[in-house]
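Heads up, the thing below is written out as C-alpha cells.
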Amino acid sequence: MAMHTTLSLRTPSPSLSLSSKHPFTSAFSLRPFPRRHRNLVFIVSASINAKPTVLVAEKLGEAGLHLLKEFANVDCSYNLTPEELCTKISLVDALIVRSGTKVSRDVFESSAGRLKVVGRAGVGIDNVDLAAATEFGCLVVNAPTANTVAAAEHGIALLAAMARNVAQADASVKSGKWQRNKYVGVSLVGKTLAVLGFGKVGSEVARRAKGLGMHVIAHDPYAPADRARAIGVDLVSFDEAISTADFISLHMPLTPSTAKVLNDETFAKMKKGVRIVNVARGGVIDEDALVRALDAGTVAQAALDVFTEEPPSKDSKLILHEQVIATPHLGASTTEAQEGVAIEIAEAVVGALRGELAATAVNAPMVSAEVLAELKPFVDLAEKLGRLAVQLVAGGSGVKTVKVTYASSRAPDDLDTRLLRAMITKGLIEPISSVFVNLVNADFTAKQRGLRITEERVILDGSPENPLEFIQVQIANVESRLASAISDSGEIKVEGRVKDGIAHLTKVGSFEVDVSLEGSIILCRQVDQPGMIGKVGSILGEENINVSFMSVGRTAPRKQAVMAIGVDEQPNKEVLKRIGDIPAVEELVFLKLQDKVVT
C-alpha cells in the first residue's frame, strides 16, 4: 500500500521578474568533484583562529571595505594583469571584482583549491567563468539589487537627453555656435516605450516613463502579467514590442540567446525613426547593424551606456555617429549605488565565508558528493521533466502552481528532495529565461516568479535501495499546447523514471509512453491504426533526422494514441507540418530538452 505525505513550498506574489536575471550560462555540473572538493560545504579557513583573506581587485565603497575588514584580512590590489591575478589568487579565500576583471578558468586553476568565493560587485557575471567556478567548488555571488534605481535613472536620463538632443546641443554651444533650429527634439508624452526585459531595472524604468506620460509596453517571457498590469504596462510579444515602439529601452542580460538580438533583421521590423536606449549589456546589439540602421534612418537616434568592447575604439563609427549619445558605463555610477553595492557584496562574501547560504548565489549546489552521486540520474530526470512540462504550456498562460510527486520506498526523512526540487525549478524557468537555477537559489528564484511548488511523497512497499521509482510534475490552471498532456484532473502532467541510469518519459497526461529523454522529443496524438510509425519515420528519414526512440501509448486498439519520438536533430517547421498533415495525426508538438526555447 502506498502512503502519501505532502510538503508545500509557498511563495509570495512576485516583486521581480525575468530580468532580475542573471546572465548565467548552464554551468551546473554533475561530475563527481576531485577529492579536495568532495564536499561543497564551505570551510572558513585552515585554522579555526585564522582570518580568511579577501582580495578586492577593483575599487569598492568604504562601507563595504569596513564590513570586510571586521571579518577578514583585506588586500586591495587594483588594475592587476591576468598574470598578476593568477599569482595572487592562491593566497586568498575570496575575490571581489566589478566588470573590468576577468575571472577565468586560469584563475580558478591557479587558486589550488583555496578560493572559496567570488563576489561580483554588480549584477552581470559574464566576466566570471561559472563552469570553472562550479568545477572547483567556488561559490559565485553578486549584488543584484543595490544599483537598480541608479540604472533606471540613467536609462531615463539618456531617454530624455536623446529626445531633446542635449549632448549635441551642449557641444555645439561650447564650440561657440547657437543652432536652435538644428536641435529641435521630440516629445515623450504620448509616445510608446517598449521595455525589453521587465525585471528590476526594466520595471523601474517603466514606472518612471509612465510618470512622463508615455505609453509603456514590455516584452519578457516570464514576467507575471498581473504585476505588469499593476504598473500599467502591457506585456506583448517581442515582434509586437519592436514594431510598435517609438522608443526601445533594453534591460536584458547578455546570454547566447540575447547576443545581438537587435540586428539587421530586427531593425527592419521597427517603426522608421525609432529611438533606442541601452543601459544593459553592449553585446545585445549588433553594433555594425545599428550603424547601418542609423545611416538609413530606420533608427533615428541611439543612447548607449554599454558596448561590446569597453572601452570602445577611438575610431568607432558608432561612437562618432552624430545621432548617438554615449556614456562610459555609468548605469550604476551614483554615490548611493556604489555604497549600496559595496555593502551588499561584502555581506554576501562574508556570509559565504561563514558557510551561510546566500540568496544571491548563482552556482554550486551545496550537496555532498555522496548524495549527488546517488541522485545523479534522478537530477537529470527532474530537470528534463520540468523542461518538458513548461514547454507544454500554451503561450500567454502564466505558470503559478506546480505539484511534484516523488514515489519511493524510503521514508520521507531518508530522501532529500531539495536538489530534485531545485532541478525541476531549473527546468521550469531556464528554457524561457536566462536565470541560472541551482540548489542555492531555486526557492528564491521561484518566489521571484510567483511559483507555488508543492511536493507530495508516495511511499511504496519494497526495498529502499533505489531512491525513487518515479517523479511526476503537474502544472495547474494553464492551457496546453498538446491537449493529450492534460490529465483527467485537468493539469498538464508528465511522469518519468530512471531505467539503467537513463531518464525516461513514461507518462504524458493519461497516456503511458516510454521514451529516453535524450536529444529532443516529438509528441503527437493520433488515431491508432497500422502504418503510423512507418509514415512518421519515413518523413524524418527523408530529412536525415535520426530517431533514437519511438513509443506509442494508447487508450485501446484503434482508438486514440500518443506517439513519443526521440530525435537527435531538430526538425524544421516544414517537417513538423508534413507530420501534422498525416490524416490520422490530430495534434503534435516539438519539445527541446536542452538550450533555450525561443519565445
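What's counted below: heavy atoms across the whole structure, side chains too, no hydrogens, waters or symmetry copies. The first residue in the sequence is number 1, and the count goes up from there.
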Tell me whether [X] contacts the main-chain N or O of [Y] through its side chain, where contact means a donor paired with an acceptor under 3.5 Å.
X	Y	value
Ser316	Ser313	no
Asp220	Phe198	yes
Ser99	Gly124	no
Thr360	Val141	no
Thr334	Ala337	yes
Glu310	His329	no

Are any non-hydrogen side-chain atoms of [X] and [Y] less than 4.5 angstrom apart?
X	Y	value
Val236	Thr244	no
Leu428	Ile475	yes
Thr425	Arg449	no
Arg275	Val186	yes
Leu85	Leu95	yes
Asp129	Val103	no

Could you give all pairs that pass the salt bridge (charged side-chain N to carboxylate O under 4.0 Å, His left out) test and reach residues 238-253, with sequence neighbours left out?
Asp239-Lys269, Asp246-Lys271

Tell me which pairs pass salt bridge (charged side-chain N to carboxylate O under 4.0 Å, His left out) where either residue lies in residues 74-92, with sequence neighbours left out.
Asp75-Lys88

In Å and rounded to the nearest 0.5 Å, what is the [atom1] to [atom2] distance from [X] to [Y]?
X	Y	atom1	atom2	answer
Ile343	Leu60	CD1	CG	9.5 Å
Asn73	Thr53	CG	OG1	4.5 Å
Arg481	Phe590	CZ	CZ	10.0 Å

Least distance between heavy atoms, [X] atom then [Y] atom:
X	Y	value
Leu304	Leu318	CD1-CD2, 3.5 Å
Leu235	Ala225	CD1-CA, 3.7 Å
Leu294	His321	CB-NE2, 3.6 Å
Asp286	Phe267	O-CE1, 4.3 Å
Phe108	Ser111	O-OG, 2.7 Å

Provide the full list of side chain to side chain donor-acceptor pair (under 3.5 Å) pairs with a residue in residues 55-65, sequence neighbours left out, each pair given once.
Glu58-Thr101

Side chains of Gln179 and Ser172: donor-acceptor distance under 3.5 Å anywhere?
yes

Looking only at the side chains, is there a donor atom on one of Ser520 and Gln570 sitting less than 3.5 Å from an acceptor on the other?
no

Which residue is it: Leu196, Val284, Val279? I am looking for the one with a side-chain contact (heavy atoms from CB on, under 4.5 Å) to His251.
Val279

Evaluate Val140 against Asn142 for side-chain contact (heavy atoms from CB on, under 4.5 Å), listing each step before the verdict.
CA-CA 7 Å; Val140 179; Asn142 68 345; over 6 Å; no

Go through Glu287 and Thr308 one step at a time and tell me if the side-chain hydrogen bond (donor to acceptor under 3.5 Å, both in side chains) criterion holds.
CA-CA 8 Å; Glu287 294 179 350; Thr308 301; 3.2 Å; yes

What residues form a salt bridge (charged side-chain N to carboxylate O under 4.0 Å, His left out) with Arg98, not counting sequence neighbours?
none

Taking salt bridge (charged side-chain N to carboxylate O under 4.0 Å, His left out) as the test, write out the residues that go with Arg292, two or more places apart.
Asp264

Could you tabulate the donor-acceptor pairs under 3.5 Å formed by side-chain atoms of residues 153-167, not counting sequence neighbours?
unit_1 : atom_1 : unit_2 : atom_2 : d
His154 : NE2    : Asp305 : OD1    : 3.4
His154 : NE2    : Thr327 : OG1    : 3.1
Asn165 : OD1    : Gln301 : NE2    : 2.8
Asn165 : ND2    : Tyr183 : O      : 3.4
Asn165 : ND2    : Val184 : O      : 3.3

Is Lys200 paired with Glu204 through a side-chain N to carboxylate O contact shorter than 4.0 Å?
no

